[in-house]
Every structure is written in structure tokens, then in C-alpha cells.
Q: 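So that we are looking at the same thing, I have put the structure below in C-alpha cells.
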Amino acid sequence: MKETHFENIKTKESSLPERTAEQISKLIVEQHLTSEDKLPSEFELAELLHVGRGTIREGVKLLVARNVLEIRRGKGTYIAPNPGETPDPLGFAYYPDQFQLALDLAEIRAQTEPWVARMAAEHATTEDIRRLRESCAVVEQDILNERDHSQNDVLFHVAIAKCTQNMVVPKLIPIITYAVTLFVSLTESRLRMETLVGHREILEAIHDRDGQRAEKAMAQHIEYNRALLQEIVSKLKQEELSAPKKEDE
């Protein structure tokens, strides 16, 4: 293993497991470890960091909870595929009004994803476009066979973000992921055919390296979602206002 220099973790103010987790994270960064790499054994880490194996276990638990590490049964502890990324980093699931959240997310997506689509068209490699086309086809099959397409829909948008070759854009994925899944759920997949057509238009624009067309296609795709959500919210509010009020007992 390449030599790595660590601070004396026993002299810092945070808890020992927390400091141990910080040093393991430092090891991952300095050694350029990826999801293909197995973390050194408890014994090796204990020797390297000058702490007990129990402390190593606690530090590893903290990093597993943060999606930096993952334990593969029967194989050991490995670096997570996207270290540090979590499905809901901003706690969207705990917002009481999911419809209003979806509308607010639509505003954010309308400002960011069309630009992401333009960047994808301008920077995607041939291999990126091949993967994007495959992802689009999977969503189409879900829709045509009337299966839940939300997860594969998410993967399509993830593939677009990766086409940008920008290191920061994929970090927006958890927000996009939650937004797409929430939209499909709240609209009860009523935009199946619009989704199919919209994805095809975005894909072909990116394939043709037409940034302006990709940007416009993505903006229209998001607007369909926003308009339907607004229609559903307005209908729900109208039903709430017209519902007979219960008399006080």
C-alpha cells in the first residue's frame, strides 16, 4: 500500500470513532480507492491508525451509515459506488406537503436540467450516448408494458447528467432522483406517453450535438410535469373547499 501520513487521532477533540472515520476517509481519498477496492482489514487499519479493532469497527459503521463504505456479505468491506451520496440528503421525505414540494422542485429543475441537457449535448462521448440510448429504451419498455418506470426514469436523467463531463453535476443527482420519483408517484404515471416522447426528443438532440434543442426539449419535458402537478393540486384544493364541513359535537 502507498505510504499515507496520518495525524495522531487520539489528541483531537471529536470522539475516537469519529476521528477514526475521518482518517479512513482520508485513506480512501489519498489512495484513490474506488468501489472496486476492498478496505484494508481491521487488523491492518488498527495498526496503521494506532487504535483498537473495536474503534475501527465503530469508525467503519459511521462510514457505512454515510454511504462511504458498504459491507458485502462474505467478501468484506468495500468503498461505496458513489461515496458520501445518499438518496435523500436534504430530507425531502419529511416535508409534510409533498405536492408543494414537487412544485418547488419543478421550479429548481426548470432552472437547472435544461442547462444540464445542453451541456450533455455539447460534451457527451459516443459511449455516453450509447448508454443514454439504452437507458431510454428501458424506460420505453416499462411504459409500453405498463410497468412502474420511475426507477429507470431516474437512471435516464442520471445518464444525462453524466454526459456533461462535469464533476459537480452528478452531485445534483439525489435531488433530481427524488424529484423524478416524486413526480411519477404523485401524477400516478399519467404522463406515460409524454414521457416516452419527451425522452426520445432529448436523446436525439443530445445525439445530434444540438445543445439548444436539447435544452428546449428538457424544458418542455419538465413543464408537462409541472402543469399536471399544478392541475392536480388545484383540483385537490377545490375539493377541499367544497367538502361539507363537520359540525362541532
Q: Check the pair R53, R57 against side-chain contact (heavy atoms from CB on, under 4.5 Å), reporting the backbone distance first and the verdict last.
A: CA-CA 6 Å; R53 293 172 67 179; R57 281 193 290 272; 4.1 Å; yes

Q: Can you name the closest pair of heavy atoms from P81 and S35 and give their distance?
A: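 Smallest heavy-atom distance, with atoms named: CA-CB, 3.7 Å.
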
Q: Just checking E18: does its CD atom have more than 12 heavy atoms from other residues, nucleotides or ligands closer to it than 6.0 angstrom?
A: yes

Q: Write down the atom of A121, the atom of A214, and the distance for their closest heavy-atom approach.
A: CB-CB, 4.1 Å

Q: How far does CG of L191 sit from CG of L228, to the nearest 0.5 angstrom?
A: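 If we round to the nearest 0.5 Å, L191:CG and L228:CG are 4.5 Å apart.
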
Q: Return the CD1 to CD distance between I79 and E70, rounded to the nearest 0.5 Å.
A: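 Between I79 CD1 and E70 CD, I get 9.0 Å after rounding to 0.5 Å.
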
Q: Quick one, L27 with L45, criterion side-chain contact (heavy atoms from CB on, under 4.5 Å). Give me CA distance, side-chain angles, the key distance, then yes/no.
A: CA-CA 10 Å; L27 171 72; L45 288 172; 3.9 Å; yes

Q: Could you tell me whether a side-chain N or O of T187 sits under 3.5 Å from a main-chain N or O of F183, the two making a donor and an acceptor?
A: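 At least one qualifying donor-acceptor pair exists.
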
Q: Would you say the side chain of L63 lies within less than 4.5 Å of the side chain of T77, judging by non-hydrogen atoms?
A: no

Q: Does a donor on one side chain and an acceptor on the other come within less than 3.5 Å for D128 and T125?
A: yes

Q: Please tell me whether L196 and L203 are part of a single hydrophobic cluster in this structure, the criterion being side-chain heavy atoms less than 4.5 Å apart.
A: yes

Q: Does Y178 reach the side chain of L90, with side-chain heavy atoms less than 4.5 Å apart?
A: no

Q: Just to verify, what does E134 make a salt bridge (Lys or Arg N to Asp or Glu O under 4.0 Å) with, not counting sequence neighbours?
A: R130

Q: Of all the heavy-atom pairs spanning R66 and A21, show the shortest one and how long it is.
A: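 Result for this residue pair: NH1-CB, 4.2 Å.
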
Q: So which heavy atom on T164 is nearest to which on A161, and how close?
A: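 Minimum heavy-atom contact is OG1-O, 2.7 Å.
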
Q: Taking a hydrophobic cluster as the set of Ile, Leu, Val, Met, Phe, Trp and Tyr residues connected by side-chain heavy atoms closer than 4.5 Å, whether directly or through intermediates, do I222 and I176 fall within one such cluster?
A: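 Result: no, two separate clusters.
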
Q: Given the rule in the salt bridge (charged side-chain N to carboxylate O under 4.0 Å, His left out) test, do R133 and E204 qualify, once you have shown the distances and angles that lead to the verdict?
A: CA-CA 9 Å; R133 189 173 295 280; E204 294 308 325; 3.0 Å; yes

Q: Could you list the residues that satisfy side chain to side chain contact (heavy atoms under 4.5 Å, CB included) with K75, not counting sequence neighbours?
A: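 Only R72, Y78 meet the side chain to side chain contact (heavy atoms under 4.5 Å, CB included) criterion with K75.
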
Q: Applying ring pair (Phe, Tyr, Trp, His ring centres under 6.0 Å) as the test, list every pair that has at least one member in residues 190-220; sequence neighbours left out.
A: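 Residue pairs passing ring pair (Phe, Tyr, Trp, His ring centres under 6.0 Å), neighbours aside: F156-H199, H157-H199, H199-H221.
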
Q: Side chains of P40 and L48: closer than 4.5 Å at any heavy-atom pair?
A: no

Q: With a 4.0 Å cut-off on N to O distance, would you call E231 and K235 a salt bridge?
A: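 Result for this pair is no, no salt bridge flagged.
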
Q: Ion pair present between R200 and E140, side-chain N to carboxylate O less than 4.0 angstrom?
A: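 Looking at E140 together with R200, the answer is yes, because their closest N to O distance falls below 4.0 Å.
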
Q: Can you confirm whether L69 sits close enough to V64 that some side-chain heavy atom of one is under 4.5 Å from a side-chain heavy atom of the other?
A: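 Contact flag for L69/V64 side chains = yes.
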
Q: Does N152 reach the main-chain N or O of H149 with its side chain, forming a donor-acceptor pair under 3.5 Å?
A: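 Side chain of N152 to backbone of H149, a donor-acceptor pair under 3.5 Å: no, none is there.
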
Q: Does any N or O in the side chain of Q98 come within less than 3.5 Å of the main-chain N or O of Y95, such that one atom is a donor and the other an acceptor?
A: yes

Q: Could you walk me through whether E201 and V197 pass side-chain contact (heavy atoms from CB on, under 4.5 Å), step by step?
A: CA-CA 6 Å; E201 290 177 350; V197 173; 3.7 Å; yes

Q: If you take all heavy atoms of I206 and A124, which pair is closest and at what distance?
A: CG2-CB, 4.2 Å

Q: Is it true that, when you exclude E146 itself, more than 12 heavy atoms of the residues, nucleotides or ligands shown sit nearer than 6.0 Å to its CD?
A: no

Q: Which atoms form the tightest heavy-atom contact between I202 and A217, and what is the distance?
A: CG1-CB, 3.8 Å

Q: Going by ring pair (Phe, Tyr, Trp, His ring centres under 6.0 Å), name the pairs with one or both residues in residues 99-124, residues two or more places apart or in two chains.
A: none

Q: Would you say I71 and F43 are hydrophobically clustered, going by side-chain heavy atoms of ILVMFWY under 4.5 Å?
A: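 I71 does not cluster with F43.
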
Q: Can you name the salt bridge (Lys or Arg N to Asp or Glu O under 4.0 Å) partners of R118, sequence neighbours left out?
A: E122, E215

Q: Let me confirm one number: the OG-CG distance from S150 to L155, rounded to the nearest 0.5 Å.
A: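 Answer for the OG-CG pair, S150 versus L155, is 10.0 Å.
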
Q: Applying side-chain hydrogen bond (donor to acceptor under 3.5 Å, both in side chains) between D142 and each of Q151, R147, R192, report the one that passes.
A: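 It is R147; the other options fail the test.
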
Q: For residues L182 and L103: do they belong to one hydrophobic cluster (side chain heavy atoms under 4.5 Å, members Ile, Leu, Val, Met, Phe, Trp, Tyr)?
A: yes

Q: Let me see the working for E22 and K26 under salt bridge (charged side-chain N to carboxylate O under 4.0 Å, His left out), right down to the final yes or no.
A: CA-CA 6 Å; E22 289 175 7; K26 181 180 178 181; over 6 Å; no

Q: Among T195, V158, I143, exactly one meets side-chain contact (heavy atoms from CB on, under 4.5 Å) together with D153. Which residue is that?
A: T195

Q: Is L62 reachable from L39 through a run of hydrophobic residues whose side-chain heavy atoms are each under 4.5 Å from the next?
A: no

Q: Mind jotting down which residue pairs meet the salt bridge (Lys or Arg N to Asp or Glu O under 4.0 Å) criterion with at least one end in residues 101-111? Sequence neighbours excluded, please.
A: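 As it turns out, the salt bridge (Lys or Arg N to Asp or Glu O under 4.0 Å) pairs with a partner in residues 101-111, which skip direct neighbours, are R109-E113.
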
Q: Let me see the working for I160 and M218 under side-chain contact (heavy atoms from CB on, under 4.5 Å), right down to the final yes or no.
A: CA-CA 11 Å; I160 293 173; M218 180 64 81; 3.7 Å; yes

